[in-house]
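Okay, structure first, notes after.
Keep in mind the model is a prediction, meaning the values are calculated, not measured. Residue numbering restarts at 1 for every chain, and letters A, B, ... go by the order of the sequence lines.
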There are 2 protein chains.
Amino acid sequence: MADSPRTIEQLLATSEPFKSLGPADRRSLASASRETRYAKGETVFREGDPAEAVCLVKEGRVHLMKFLEGGQASTTCVMTGGDTFCCLPALDRQPYPADAVAAVDSVVVRIPTSAFHDLLQRNPAFLQRSLCLFCERLRQVEHRSCRIYDSVERRLAQSLLTLSKKFGATIPLTKHELAELSNTTVETTIRVLSQLKKQGILKSSRGSTTITKPEQLRHLAGA
Amino acid sequence: MADSPRTIEQLLATSEPFKSLGPADRRSLASASRETRYAKGETVFREGDPAEAVCLVKEGRVHLMKFLEGGQASTTCVMTGGDTFCCLPALDRQPYPADAVAAVDSVVVRIPTSAFHDLLQRNPAFLQRSLCLFCERLRQVEHRSCRIYDSVERRLAQSLLTLSKKFGATIPLTKHELAELSNTTVETTIRVLSQLKKQGILKSSRGSTTITKPEQLRHLAGA
DNA sequence: GAACGTCTATGATCTAGATCAGAGAAGCGG
DNA sequence: CCGCTTCTCTGATCTAGATCATAGACGTTC
């Protein structure tokens, strides 16, 4: 994996919520930030750590996850190129609310929380945009949390559809990763996906799943 | 139920996030607001309704709930005197994210969303305070949503402990309401609570449950 | 105080999905 | 090429908790 040729400044220019910044603010934010490289499986930060940086994925894929009692992992969010995560601590100055783990070799831009926070105070348009994303996030999470008692099939269908917005029809996650996203086990995930494969709704191969009939999948997801 | 003698203005003076307001802002917000009375079981608003008002409970108890496919209700939040709910739509101008239902006869102060929103724009201290509460809420919801695979016992223990912060040791909710809060059935709730009663951790009577050994309950909740 | 609705309680089943066990298949590193 | 790891897949079992059925206890209304 070679370094992307893009500068941090260029990345900010195409990523939320930084798009809304003027060149000067963008430049100063970029110059305060640093790129860090994480190997597959490496931890970017842990739940409860003091939130030193707001993170922005430059390359690769980072999962936000919670570890439940019993040790089972639950992935709450999949972040890829251009995705910003953990703005919350920049607003409330509290610790990180989850673990962040590189799911593949990744490059993450770390923007100091203080710089982000100062900008929020100084730039009303930036605050406005950040709040908007923040509200979206809260609605998402509330939606997610009320799906507790959906069947595994429905949860998986929803996970796949959400992922397909990011990745397109072919979703480059292992069955294990899909299981963690849907709060179930690998075995059950494989069983359910096999069923869907038999029905021609999707194809499956090592490390990826391809949606072939999005309509029917949407139907299963209860959209 | 008689009208409380307090004026809306007095109520605002002791409720979040309005405490932080100066007398002038508080007075104008109060004068734009109206009290509405809801009988037990009445709906204050429905999920998806345009969010015309931010709500503040003056008397009684209002439950925020989602209805899952299959029709089963899930209570996400219990609001009592002085609690403000649905500030989110005032920030992002989107519809209500859940149903609100009066669990007992209640009086709700309805603050027009536009007035709330204007105040957010005008008064930075108020914005600051609102954001803070908002962040808290997001963290709560994220916490909740990752407890999906806790056992019923643990979920019930957590519900009871949360409620006891609001009500004290004696929690005036029916077993049915506790079930909806913990995403389980009445029967299972009763069975689990019976067990806890046998262990001397709580007492139970018609329409209420009393925690007698908070320590042990906290232990079960996995604190 | 009779009748009705709500709440609490308990027993008997049933089932989705976890858990356990095993084994191919694909890729990777030497 | 061989060995090792990771991933996928399938079958057998087990269990928490839902669902179904029934009934007593309490409160409320006429």
- Is a donor on one side and an acceptor on the other found under 3.5 Å between the side chain of A/K58 and the backbone of A/R6? yes

- Message: Please confirm whether the shortest side-chain N or O distance from B/S205 to OP1 or OP2 of C/dC7 is below 4.0 Å.
- Response: no

- B/K40, nearest nucleotide to its side chain (from D/dG17, C/dC7, C/dT19): C/dC7

- Query: Quick one: A/H176 NE2 to D/dT6 P, roughly how many Å, whole number?
  - Reply: 11 Å

- Indicate yes or no: at least one non-hydrogen side-chain atom of A/S205 is less than 4.5 angstrom from one of A/S208. yes

- Rounded to the nearest angstrom, tell me the gap between atom CG in B/L193 and atom P in C/dC7. 15 Å

- Salt-bridge criterion met for B/E215 and B/R218 (N-O under 4.0 Å): yes

- Task: Please tell me if the side chains of B/I190 and B/E187 come closer than 4.5 Å, counting only heavy atoms from C-beta onward.
- Result: no

- Is there a side-chain hydrogen bond (donor to acceptor under 3.5 Å, both in side chains) between A/T209 and A/K175 once you walk through the steps? CA-CA 8 Å; A/T209 301; A/K175 308 296 175 275; 3.3 Å; yes

- Query: Hey, are B/E142 and A/R137 close enough for a salt bridge, meaning a charged N less than 4.0 Å from a carboxylate O?
  - Reply: yes

- Note on the structure: Protein heavy-atom contacts under 4.0 Å, written 5' to 3' over nucleotides 23-30 of chain C as B (base), S (sugar-phosphate only) or - (none), form the string --BB----

- Considering only heavy side-chain atoms of B/E187, the closest of C/dT10, C/dA21, D/dA18 is C/dT10

- Query: For B/T184 and D/dA18, is the shortest distance between a side-chain N/O and OP1 or OP2 below 4.0 Å?
  - Reply: yes

- Message: The side chain of A/R191 is closest to which nucleotide in this list: C/dC7, D/dG11, C/dG17?
- Response: D/dG11

- Query: So what does A/T185 touch, heavy atoms closer than 4.0 Å: a base, only the sugar-phosphate, or nothing?
  - Reply: base

- Item | Euclidean distance, atom CD of residue A/Q195 to atom P of C/dA16 [Å, nearest integer] | 13 Å

- Note on the structure: From the candidates C/dG17, D/dA18, C/dT8, the one with an atom nearest any side-chain atom of B/I190 is C/dT8

- Message: Check this one for me: any side-chain N or O of A/K175 less than 4.0 Å away from OP1 or OP2 of D/dC7?
- Response: no

- Task: Ignoring the backbone of A/T174, work out which of C/dA18, C/dA9, D/dT8 is nearest its side chain.
- Result: D/dT8

- Message: By nearest heavy atom, map B/S208 and A/R155 onto DNA chain C; which one lands nearer the 5' end?
- Response: B/S208

- Message: I need the CD-C1' distance between B/E177 and C/dT8, as an integer number of Å.
- Response: 14 Å

- Task: Give a yes or no on whether a salt bridge exists between A/K40 and A/D105, defined as a side-chain N under 4.0 angstrom from a carboxylate O.
- Result: no

- Rounded distance in Å - NZ (A/K198) to P (D/dT10): 7 Å

- Query: Does A/T188 make a side-chain N or O approach to OP1 or OP2 of C/dA16 shorter than 4.0 Å?
  - Reply: no

